[in-house]
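Read the structure below first, then the notes.
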Amino acid sequence: VQLVESGGGLVQAGGSLRLSCADSERAFSNYAMGWFRQAPGKEREFVAAISWNGGSTYYADSVKGRFTISRDNAKNTVYLQMNSLKPEDTAVYYCAAKLSRVGVYDRLYNYWGQGTQVTVSS
């Protein structure tokens, strides 16, 4: 599994970004996918996760109602649509993959991308 994130950048508060995470693995649909983030000086934290078929999604309370996770198994890609961005959303965002059930704990994920920087200015 090779995960490559894209779509990060600099945006003003209140703006939107869409992150993508592409997987070269042909068995992408076998994996639950998650997004995590890490801000400077802070631990990595859960953002959102989606089951293998998109039937179940989970969100951190801090992003609920603003972020949407989705996936397109035909394109081996998972997305994170981020709206109403706040300065506190500034972080490096990572996508991750795990077999079997979706989870919210980073220690359960086996594969990680390299991360993409999201910076929200006030």
Side-chain angles (χ1 to χ4, degrees):
V1 175
Q2 287 190 318
L3 304 175
V4 179
E5 301 99 334
S6 61
L10 173 63
V11 64
Q12 289 187 333
S16 298
L17 283 174
R18 187 176 82 154
L19 305 183
S20 299
C21 174
D23 178 15
S24 61
E25 174 62 55
R26 285 177 292 178
F28 175 76
S29 60
N30 290 344
Y31 294 88
M33 301 297 295
W35 285 97
F36 296 81
R37 67 186 181 186
Q38 187 166 22
K42 295 187 177 181
E43 292 187 354
R44 187 165 56 193
E45 64 175 359
F46 169 75
V47 175
I50 189 167
S51 60
W52 68 274
N53 63 353
S56 298
T57 56
Y58 300 87
Y59 297 93
D61 288 343
S62 59
V63 307
K64 203 170 293 183
R66 300 188 297 122
F67 291 11
T68 303
I69 189 171
S70 62
R71 66 189 297 160
D72 185 340
N73 285 347
K75 296 182 178 180
N76 285 8
T77 302
V78 62
Y79 304 97
L80 185 68
Q81 178 66 44
M82 306 186 295
N83 298 329
S84 302
L85 282 162
K86 305 175 181 180
E88 51 263 44
D89 294 317
T90 296
V92 177
Y93 283 70
Y94 299 90
C95 72
K98 66 180 297 291
L99 287 169
S100 190
R101 299 177 63 181
V102 63
V104 302
Y105 298 106
D106 58 357
R107 65 179 184 272
L108 299 178
Y109 285 78
N110 309 104
Y111 305 98
W112 291 82
Q114 83 288 350
T116 185
Q117 177 70 48
V118 171
T119 303
V120 184
S121 63
S122 58

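These numbers come from a predicted model, not from an experiment.
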>> Please determine whether side-chain contact (heavy atoms from CB on, under 4.5 Å) holds for the pair Glu5 and Trp35, giving the CA-CA distance in whole Å, both sets of side-chain angles, and the decisive distance to 0.1 Å.
In response: CA-CA 10 Å; Glu5 301 99 334; Trp35 285 97; 3.9 Å; yes
>> Assess the residue pair Trp52 and Asn30 against the criterion (side-chain contact (heavy atoms from CB on, under 4.5 Å)); give the C-alpha distance rounded to whole Å, side-chain angles, the decisive distance to 0.1 Å, and a yes or no.
In response: CA-CA 6 Å; Trp52 68 274; Asn30 290 344; over 6 Å; no
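Under the salt bridge (charged side-chain N to carboxylate O under 4.0 Å, His left out) criterion, Lys64 pairs with Asp61, sequence neighbours left out. In this view, Thr77 satisfies the side chain to side chain donor-acceptor pair (under 3.5 Å) rule with no residue, not counting sequence neighbours. By the ring pair (Phe, Tyr, Trp, His ring centres under 6.0 Å) test, Trp112 is found to be paired with Phe36, residues two or more places apart in sequence or in another chain being considered. Among residues two or more places apart in sequence or in another chain, the side chain to side chain donor-acceptor pair (under 3.5 Å) test is passed with Ser16 by Asn83. Judged as a side chain to side chain donor-acceptor pair (under 3.5 Å), and not counting sequence neighbours, Asn110 has no contacts. For the side chain to side chain donor-acceptor pair (under 3.5 Å) test, no residue two or more places apart in sequence or in another chain qualifies with Glu88.
With hydrogens and angles disregarded, a donor-acceptor distance shorter than 3.5 Å links the side chain of Ser51 to the backbone of Ser56. Counting only distance, with no hydrogens or angles, the side chain of Thr90 and the backbone of Val120 share a donor-acceptor pair below 3.5 Å. A donor-acceptor pair is defined here as one N or O able to donate and one able to accept, closer than 3.5 Å; such a pair exists between the side chain of Thr116 and the backbone of Gly8.
Residue pairs meeting the disulfide bond (SG atoms under 2.5 Å apart) criterion with at least one partner in residues 40-89, sequence neighbours excluded, are absent. Residue pairs meeting the ring pair (Phe, Tyr, Trp, His ring centres under 6.0 Å) criterion with at least one member in residues 53-89: none, sequence neighbours excluded. Listed by first and then second residue, the disulfide bond (SG atoms under 2.5 Å apart) pairs that reach into residues 31-87 come to none, sequence neighbours excluded.
Phe46 and Ile69 fall into different hydrophobic clusters, where Ile, Leu, Val, Met, Phe, Trp and Tyr residues are linked whenever their side-chain heavy atoms come under 4.5 Å apart, directly or through other members. Under the 4.5 Å side-chain contact rule for hydrophobic residues, Tyr109 and Val78 do not share a cluster.
Residue Leu80 comes nearest to Ala48 through the heavy atom pair CD1-CB, 4.1 Å, listed as atom of the first residue, atom of the second, then distance. Closest non-hydrogen pair, Asn73 versus Ser29, comes out as ND2-CB, 3.5 Å. Listed here is the closest heavy atom pair of Arg44 and Asp106: NE-OD2, 3.2 Å.
Proximity of Leu3 to Met33: side-chain heavy atoms (C-beta onward) are separated by under 4.5 Å at one or more points.
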Got a list of side-chain donor-acceptor pairs under 3.5 Å for residues 92-104, not counting sequence neighbours?
from: Tyr93; atom 1: OH; to: Arg37; atom 2: NH1; distance (Å): 2.9
from: Tyr93; atom 1: OH; to: Asp89; atom 2: O; distance (Å): 2.6
from: Lys98; atom 1: NZ; to: Arg101; atom 2: O; distance (Å): 2.3

Distance-only criterion, 3.5 Å: show the donor-acceptor pairs between side-chain atoms of residues 17-24 and protein atoms not counting sequence neighbours.
from: Asp23; atom 1: OD1; to: Gln2; atom 2: N; distance (Å): 3.4
from: Asp23; atom 1: OD1; to: Glu25; atom 2: N; distance (Å): 2.9

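Rounded to the nearest 0.5 Å, atoms CG (Asn53) and CZ (Arg71) are 8.0 Å apart.
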